[in-house]
Amino acid sequence: MQAKDIMTRPVTSVSETAGIRKAIEIMIAADVSGLPVVGDDGSLRGIITEGDMLRRKELDLRAAADAGTVDALRDYVHGNSWRVDDVMSADVFSVSPSAPLGEIAGLMAVHSIKRVPVVLDGRVVGIVSRRDLLKAVVAGLPDRIPRGEEALCLAIATRLKSDLNLPREQIAVAVQDGNVILTGIVETELHRKAIKVLVESLRGSATIVDNVTTIADRP
């Protein structure tokens, strides 16, 4: 799946020339915790979030930096200005509509962000939030494979090699009456668990007869 498949659109955004009150009103009305900030041409200029609002002077949050320092002055502007472009984060990570979900999830994890704007030809066309990614997880279905015991056996053996680097010589796979029979030896219990998860993820697998042992189990 790609960003275009799960992104929220149309995008609820705010103009860079808008005031902070307007941004807050939009967030509350749309029930969102962050807004892309756009220019008159629809281009992405930044992002403003609930977290930015928590640094407001009205909440009596004192700046830790000494008065007059660069950090203190920056905090003062952020906490006192009523202009969106003064409070927004200008350094924004964005993706194209064709970006894979793994890339988006990676950006969120590495940079501790909750949403990623989707940009096409310089304009914001959507936004992907953590909630959108969770919806994609819930919507995910087990892999579809051809019907028939022989096809299921081949699919499992192929995935064991491609996903877990376990060749057929190490893990034998048989399917009888819809039951998957696994036989072989692996290094750890974690290997056994990974094998079980893999088989369960393939549609058509019923009961798993687990004859796989670990090296520690060998006499």
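Please read all numbers here as calculations on a predicted model, not as lab measurements.
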Asker: Just verifying a value: how many Å separate I127 CD1 and T8 OG1, rounded to the nearest 0.5 Å?
Answerer: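 Interatomic distance, I127 CD1 to T8 OG1, rounded to 0.5 Å: 7.5 Å.
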Asker: Please report the closest heavy-atom contact between G184 and I171, naming both atoms and the distance.
Answerer: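 Scanning both residues, the minimum pair turns out to be CA-CD1, 4.0 Å.
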Asker: Under the side-chain hydrogen bond (donor to acceptor under 3.5 Å, both in side chains) test, which residues partner S129, sequence neighbours left out?
Answerer: D132
Asker: Find out whether I6 and M1 are in side-chain contact, i.e. whether some heavy atom of one side chain is under 4.5 Å from a heavy atom of the other.
Answerer: yes
Asker: Given side chains that start at C-beta, do those of P167 and Q170 come closer than 4.5 Å, heavy atoms only?
Answerer: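 Result yes, sub-4.5 Å side-chain heavy-atom pair found.
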Asker: What pairs with L164 under side chain to side chain contact (heavy atoms under 4.5 Å, CB included), at least two apart in sequence or on another chain?
Answerer: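 Scan of L164 (side chain to side chain contact (heavy atoms under 4.5 Å, CB included), adjacent residues dropped) gives L160, L166, A194, I195, L198.
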Asker: Using a 3.5 Å cut-off and no angle test, enumerate the donor-acceptor pairs between side-chain atoms of residues 113-126 and protein atoms at least two apart in sequence or in another chain.
Answerer:
from : atom 1 : to  : atom 2 : distance (Å)
R115 : NH2    : S33 : OG     : 2.5
R123 : NH1    : D41 : O      : 2.3

Asker: If the condition is side-chain hydrogen bond (donor to acceptor under 3.5 Å, both in side chains), which residues does S98 pass it with, not counting sequence neighbours?
Answerer: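 S98 satisfies side-chain hydrogen bond (donor to acceptor under 3.5 Å, both in side chains) with S96 only.
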Asker: Name all pairs fulfilling the ring pair (Phe, Tyr, Trp, His ring centres under 6.0 Å) condition that reach into residues 2-57, sequence neighbours left out, sorted by first residue then second.
Answerer: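 For residues 2-57: none.
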Asker: Could you name each residue pair satisfying ring pair (Phe, Tyr, Trp, His ring centres under 6.0 Å) that touches residues 87-108, not counting sequence neighbours?
Answerer: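 Listed by first then second residue: F93-H111.
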Asker: Mind checking the NE2-CG spacing from H191 to N165? Nearest 0.5 Å is all I need.
Answerer: 9.0 Å
Asker: Please report the shortest heavy-atom distance between V128 and M108, naming the atom on each side.
Answerer: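 V128 and M108 have their closest heavy atoms at O-CE, 3.3 Å.
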Asker: Considering residues at least two apart in sequence or located in another chain, which fulfil the side-chain hydrogen bond (donor to acceptor under 3.5 Å, both in side chains) criterion with D210?
Answerer: R192
Asker: One pair to check against side chain to side chain contact (heavy atoms under 4.5 Å, CB included): C153 and E150. What are the steps and the verdict?
Answerer: CA-CA 5 Å; C153 182; E150 184 176 347; 5.7 Å; no
Asker: If you apply the rule side chain to side chain contact (heavy atoms under 4.5 Å, CB included), what do you find for V186 with V212, and how did you get there?
Answerer: CA-CA 7 Å; V186 293; V212 177; 3.8 Å; yes
Asker: With a 4.5 Å limit on heavy-atom distance, are the side chains of I47 and V92 in contact?
Answerer: yes
Asker: For side chain to side chain contact (heavy atoms under 4.5 Å, CB included), just list the numbers for I156 and V199, CA-CA rounded to whole Å, side-chain angles, deciding distance to a tenth of an Å, and then say yes or no.
Answerer: CA-CA 6 Å; I156 293 173; V199 174; 4.0 Å; yes
Asker: Restricting to pairs with a member in residues 4-21, which pass salt bridge (charged side-chain N to carboxylate O under 4.0 Å, His left out), not counting sequence neighbours?
Answerer: E16-R45
Asker: For V173 and L182, which heavy atoms make the closest approach, and how far apart are they?
Answerer: CG2-CD2, 3.9 Å
Asker: With hydrophobic residues grouped by side-chain heavy-atom distances under 4.5 Å, do V175 and L154 end up in a single group?
Answerer: no
Asker: Who are the side-chain hydrogen bond (donor to acceptor under 3.5 Å, both in side chains) partners of D86, not counting sequence neighbours?
Answerer: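 For D86 the side-chain hydrogen bond (donor to acceptor under 3.5 Å, both in side chains) partners, ignoring immediate neighbours, are S81.
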Asker: Apart from V209 itself, what residues make up its hydrophobic cluster, given side-chain heavy atom links below 4.5 Å?
Answerer: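 For the cluster that includes V209, the remaining residues are I181.
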Asker: Do you know the tightest heavy-atom contact between A3 and L101?
Answerer: N-CD2, 4.1 Å
Asker: With sequence neighbours left out, write down each residue that passes side chain to side chain contact (heavy atoms under 4.5 Å, CB included) with E103, or none if nothing qualifies.
Answerer: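 E103: side chain to side chain contact (heavy atoms under 4.5 Å, CB included) contacts with V95, A99, P100.
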Asker: Hydrophobic cluster mates of I26, side-chain heavy atoms under 4.5 angstrom, ILVMFWY only, any path?
Answerer: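 Reading the cluster by chain and number, I26 sits alongside V14, I20, I24, M27, I28, V32, L35, V37, I48, M53, W82, V84, V87, M88.
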